[in-house]
Amino acid sequence: MVFIDSPLTMMVTAIASVLMVFGWYACRKRIHEIAATREGHTGVAPVVANPPADTFKK
């Protein structure tokens, strides 16, 4: 496997993964605000990420 053969590849992959997680948590409030402003413009698709579980129970 390429990760075993190249420690540098493993390190870069781990760093990129951690940065993507931190980036999501740094931007998620803004993403939720943008999604909330789209209320009513998306039809039946959910407008806000992570809606309550009972939203789609009909």
Side-chain angles (χ1 to χ4, degrees):
M1 183 176 215
V2 73
F3 292 126
I4 295 171
D5 296 336
S6 176
L8 180 62
T9 303
M10 181 79 153
M11 183 178 67
V12 169
T13 302
I15 290 171
S17 299
V18 170
L19 288 175
M20 284 190 285
V21 170
F22 282 128
W24 166 251
Y25 282 105
C27 297
R28 70 182 178 159
K29 182 179 178 186
R30 184 162 182 252
I31 292 168
H32 283 278
E33 290 172 355
I34 292 169
T37 62
R38 302 266 317 147
E39 184 83 46
H41 295 285
T42 60
V44 296
V47 182
V48 179
N50 300 326
D54 59 345
T55 302
F56 299 107
K57 293 180 182 176
K58 292 183 180 180

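Because the structure is predicted, anything quoted here is derived from the model rather than measured.
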Subject >> Partner of H32 under side-chain contact (heavy atoms from CB on, under 4.5 Å), chosen from R28, K29, R30 >> reply: R28
**OP:** Considering only Ile, Leu, Val, Met, Phe, Trp and Tyr, and joining two whenever side-chain heavy atoms are under 4.5 Å apart, list the other residues clustered with F22.
**Re:** V18
Original post:
Looking at residues at least two apart in the chain, or sitting in another chain, which of them share a side chain to side chain contact (heavy atoms under 4.5 Å, CB included) with L8?
Top reply: S6, M11, V12
